[in-house]
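FYI, the numbering just counts along the sequence from 1.
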Amino acid sequence: AKQLAERKADAERLAEMLKDAELTIRVRAGEGRIYGSVGNKDIAEALKSQYDVDVDRRKLVLGEPIKTTGEHEVVYRPHPEVPIPIKVNVVAEIG
């Protein structure tokens, strides 16, 4: 029970750190559609580079990979009782 409480407390600290998190991921795109998709791995790497936070990419809830530019919401669930919403802004890379 003590370990579970510690995990929940860690998740709550992480939620506080990321409460206003807004990731920007640059991708190659054409006419609003991107080449390929943005998945869990891309989002985890963006969190690491932009916020210096390591996350378990398997706990990122996407539904399906992101295939369009614009703003999307992803949920990170480090603990079943602590969902963390994260805004992901997918931007077309020029060039």
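- For D52, the side chain to side chain donor-acceptor pair (under 3.5 Å) test picks out K48, with sequence neighbours left out.
- Between L23 and the options E45, Q50, H72, a side chain to side chain contact (heavy atoms under 4.5 Å, CB included) holds for only Q50.
- Counting Ile, Leu, Val, Met, Phe, Trp and Tyr side chains that sit under 4.5 Å apart, directly or through other members, V75 shares a hydrophobic cluster with V61.
- Residues meeting the side chain to side chain donor-acceptor pair (under 3.5 Å) test with E16, sequence neighbours left out: K19.
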Return all side-chain donor-acceptor pairs below 3.5 angstrom for residues 76-87, not counting sequence neighbours, or 'none' if the list is empty.
| unit_1 | atom_1 | unit_2 | atom_2 | d |
| --- | --- | --- | --- | --- |
| Y76 | OH | D56 | N | 3.1 |
| H79 | ND1 | E81 | N | 3.0 |
| E81 | OE1 | K8 | NZ | 2.7 |

| task | Report the C-alpha separation of V27 and I66 in whole Å, then their side-chain angles, then the decisive distance to 0.1 Å, and conclude whether the side-chain contact (heavy atoms from CB on, under 4.5 Å) test is met. | result | CA-CA 11 Å; V27 293; I66 298 168; over 6 Å; no
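- The minimum heavy-atom distance linking L62 with V38 is given by the pair CD1-O, 4.2 Å.
- Cluster annotation: I43 is connected to V53 through the hydrophobic network of ILVMFWY side chains, with a link wherever side-chain heavy atoms come within less than 4.5 Å.
- Across G36 and K67, no two heavy atoms sit closer than the pair O-CG, 4.3 Å.
- Of the possible donor and acceptor atoms, none in the side chain of Y51 sits under 3.5 Å from a partner among the backbone N and O of A46.
- E73 CD: more than 12 foreign heavy atoms inside a 6.0 Å radius.
- Looking at residues two or more places apart in sequence or on another chain, you find a side chain to side chain donor-acceptor pair (under 3.5 Å) between R13 and D10.
- A search for side chain to side chain donor-acceptor pair (under 3.5 Å) contacts involving N89 returns nothing, not counting sequence neighbours.
- Here the closest non-hydrogen pair linking D42 and S37 is OD2-O, 3.7 Å.
- Within the model, atoms CD1 of I25 and OG1 of T69 stand 12.5 Å from one another, a figure rounded to the nearest 0.5 Å.
- The neighbour count for E64 CD, taken as heavy atoms of other residues, nucleotides or ligands under 6.0 Å away, does not exceed 12.
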